[in-house]
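A short write-up of the structure that comes next.
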There are 2 protein chains.
Amino acid sequence: MAALAGVSISTASKALNGSGRMSEETRERVKKVALEVGFRPNALARGLITKRSFTIGLLTNDTYGRFTLPVMAGISEELVGHGVSVFLCAIEDDPERARVHVDAMLDKSVDGIIASGKRLDRQLPVDLSGLAVPVVYAFTKGPVDGVTLRSDDEQGARLAVRCLIDAGCRRIVHISGPKTFQSVRERADAYRATNDGPPEVLHGVWSEAWGHEAVAQLWDRGGDKPDGIFCGNDQIARGVVDGLRERGVRVPEDVAVVGFDNWEIVAAQTRPPLTTVDMNLRTLGREAGRLILAMSEGREVQSGIRKLPCSLVVRQSCRGLEPPV
Amino acid sequence: MAALAGVSISTASKALNGSGRMSEETRERVKKVALEVGFRPNALARGLITKRSFTIGLLTNDTYGRFTLPVMAGISEELVGHGVSVFLCAIEDDPERARVHVDAMLDKSVDGIIASGKRLDRQLPVDLSGLAVPVVYAFTKGPVDGVTLRSDDEQGARLAVRCLIDAGCRRIVHISGPKTFQSVRERADAYRATNDGPPEVLHGVWSEAWGHEAVAQLWDRGGDKPDGIFCGNDQIARGVVDGLRERGVRVPEDVAVVGFDNWEIVAAQTRPPLTTVDMNLRTLGREAGRLILAMSEGREVQSGIRKLPCSLVVRQSCRGLEPPV
DNA sequence: TGAGGGTGAGAAAACCTTTTCTCTAGGACG
DNA sequence: CGTCCTAGAGAAAAGGTTTTCTCACCCTCA
C-alpha cells in the first residue's frame, strides 16, 4: 500500500481523490509515490462503498452485430475515458437467457443498462422497467416513459430521395422490406412526401433476391421504367444493382440507386459501390453512453424518444448533384 | 438481509454456499427464505474477499466483428451459466486504447482475459504476458508459452478440396488472399497436398473484385479451364461465382466452387449459395471460455496451440458426392 | 459422574477502500 | 496568558460477504 510511503491510508485516499484537507505538498508526494509503485485502487472495494461499479451492461438481440457493433463501439469510445467498462450480453430472442444475463449484471451492480436491438419497433424479450438501475434504449423500442435513442429514418429517407432528385431522376421507385417494419413505413412515407414524380413502393423481404425480383417486375412489365431507385436497405440495393447490370442497364447513368444502412461489406463491394444512408450508429452509441453515464451519476435526463440524424454516404451508384464545372 | 429470517449472517452465508456445518433443516430453511425475499449476494463484496469477480475481459481488434462475434457468443454461452459476465473491449489497432482497456479490466479484477483478433499470425498491439491474470488467445497469435486456440485451416482446406474432388472435379484451382497471411499459406499447402491434379494457386486481395479478376485471368488465357475452384474466403468466392455466371459458366454444373469462412451474409446471398468451410468459431469461443474458467479457478492448463477442426457447410455451389441412387 | 469428542451455530476478522469524525498543534485574538 | 479557531492528518466506521475461530451443548464412554 502506498500509505507505506509516508502517510496514513485515509490521507492517501484523500490525496488521490482530491478530497479532504491537506497541504499541497503532502498531496503531491502521495500522488508521486502512487505513480511510482503503480498503485491500483481496487475497484471492487471502491464500488462496495461508493455504490458505483464503473460498469454498464449492453443487452442486445442482434446476432450478426450489424447494428449492435457500431453502437457498442460508440458506447465504449465514450465511456472508456471515464473508466467505465461494458458487459456485452447477446441474448438471441430468448427471454430465459435475457433474464440470466440481466441477473448476472445486476449481481455485479452495473451502473446502468443499455438495451439495443435490430428493430426499432420491437422490444427486447425482457422487462427492464422497474429495475434499480437506469436504462437507456438505443436502437430498440423502449417503454413510453423510457429514454430512447433512435435514428431519424424519415430524415434519412429524405436524404436518399433528394440525392436521386438532385441526380436528375424524374421517376423514382422505392423498393423496400416488409410493411410490418415501422422503419419501412417511415421511410416509405418520407419517400412519398419528398418525391416529385408518381410514387411507387414495392414491399418484399430484406434480401438481395428480392431486389432482383423487384427489378424483374419493373422491367418485364410494359410502361415507363424508373430512372431512380431508393432501396430499403443495402442488401436489396445490391440485388437491384446486380439485376440492372444483368439487364444491361447502367448504374448510375441510366438508373441511379441509393441504399440504406451503409453496411460496408455490402455497400462497398457492390458494382458500382452503393451510395447509401448511414444511420450513424456509432454516434448513437456515444450518445447512449453519455446518457447512461449522466443517469448513473444521478443527473436528471429527460425521457422520451430522441431521433438522431442520418447522413448520406455518396459512392458511385448515385452521385447527386453534378459538381459545378 | 436474509439472516433476519432465522440465523446469523455467517450461518446464512454457509447455508447458501453449501459450506460449513449445520443441520440439513437449517440449511433448507435459509435457502427457502433467501429465495422468497429474492436475496442477491453482492458480487462486489464477494469478489473482494474471494478474489474472484466472475468477470472476464474479451479484447479484440476485429472491428467488423466478423470473427469476434461468434467467438464472443461461444464464450458467453459457456460462461453465463457459471455466473460469469464478459467485458467486450474493441481496440482498433491502437496500442494506447488497448492499454486503457486492459487497465480498466485489471482495475475491475477480471478473472481472466481472452485475446481475440482477425488474424492468426498477428499479435494484438499490447503485451498481455506477465499479467497477474490468466490469458487465453483465441483466434489471434499468442506468445509461445501461452494458451492458444485456433482453427485448423489445413484440415478445413482439405475438407474443401475433397468436396470438389468428390464432386468430380479433375482440375482444381485455388484462388486466395495475400501470401503474407499465414492461413493463406496453410490453406494453399493443404490444397497442394490434397489435390490430385496440377496445382495452381492465385494470390490476390480479400475482395470480390479479386475473385472476378482471377476468373478473367483464368478464362481469358488459352488452355484448359478449371472445373473446380477453391477460394480463400467467401468474398473471393462470391466474386468468382458472379464472374462465372457473367461468362455463362454454370455453377456447380460446369465449375464447382467452395469458399471459406461461412460468412452468412456473403455465402447465403451468393447465387447459387456457397458451399464453404466453417471455422466453428462459436465452438472455439466455448472452448476459450472453458479454458479461461479453468485457469481462473487455478486448475492447470497445458500451454501450446490447440487446433480446432473446421467443418464443411454444403450449399449449392458444390454438392460433393452425388447422393447414391 | 466426569472427561472427551462431535455437532450445530454464532462472533469476529478479513478484504480494500471511502468518508466522517476526532485529535493535535499552532496561530490569532481578546 | 487563556480561549477559540483552523489546518492538517490520522482513527475508525462502513460497505456486504466469506472464512476461521470459538463456544455451548449434548452424547458417549469410562
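Just so it is clear: chains get the letters A, B, ... in the order the sequence lines come, proteins before strands, and each one is counted from 1.
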Response to the item:
Its contact letters, B for base, S for sugar-phosphate only and - for none at protein heavy atoms under 4.0 Å, make nucleotides 5-15 of chain C read --BBBBBB-BB
Worksheet item: Under the ring-ring contact (aromatic ring centres under 6.0 Å, His included) test, which residues partner B:Phe67, sequence neighbours left out?
Response: B:Phe139
Discussion item. Please confirm whether the shortest side-chain N or O distance from A:Ser13 to OP1 or OP2 of C:dT18 is below 4.0 Å.
Written reply: yes
Fill in: Results of side-chain contact (heavy atoms from CB on, under 4.5 Å) for B:Glu297 - residues two or more places apart only
B:Arg52, B:Leu293, B:Arg299
Worksheet entry | Between P of C:dC16 and CG of B:Asp107, the distance in whole Å | 14 Å
Worksheet item: So, B:Glu96 and B:Arg99, do they make that salt bridge, N to O below 4.0 Å?
Response: no
Practice prompt. Considering just the side-chain nitrogens and oxygens of B:Asn17, establish if one lies under 4.0 Å of OP1 or OP2 belonging to D:dT18.
Written response: yes
Discussion item. Let me test you: for the helix from C:dT1-D:dA30 to C:dG30-D:dC1, what is the angle between the axes at its two ends (five pairs each), rounded to 10 degrees?
Written reply: 70°
Worksheet item: Between B:Asn280 and B:Ser311, is any side-chain donor less than 3.5 angstrom from a side-chain acceptor?
Response: yes
Discussion item. Can you list everything that forms a ring-ring contact (aromatic ring centres under 6.0 Å, His included) with B:Phe54? Sequence neighbours excluded, please.
Written reply: none
Worksheet item: Is A:Glu186 salt-bridged to A:Lys307, going by a charged N under 4.0 Å from an acidic O?
Response: no
Worksheet item: Can you name the residues that form a salt bridge (Lys or Arg N to Asp or Glu O under 4.0 Å) with A:Arg119, not counting sequence neighbours?
Response: A:Asp121
Worksheet item: Salt bridge or not for B:Glu25 and B:Arg29, using N-O below 4.0 Å?
Response: yes
Item to complete: Rounded to the nearest angstrom, tell me the gap between atom CG in A:Leu44 and atom P in D:dT18.
Response: 13 Å
Discussion item. Using whole Å, what does the distance between atom C1' of nucleotide D:dT18 and atom CZ of B:Phe54 come to?
Written reply: 12 Å
Worksheet entry | B:Ser85 side chain to A:Lys108 side chain, donor-acceptor N/O pair below 3.5 angstrom | yes
Discussion item. How many whole angstroms separate atom CZ of B:Arg46 from atom C1' of C:dT17?
Written reply: 20 Å
Item to complete: Take atom NZ of A:Lys108 and atom P of D:dT17, then tell me their distance rounded to the nearest Å.
Response: 15 Å
Discussion item. Please report the distance, rounded to the nearest Å, between CG in B:Leu16 and P in D:dT19.
Written reply: 13 Å
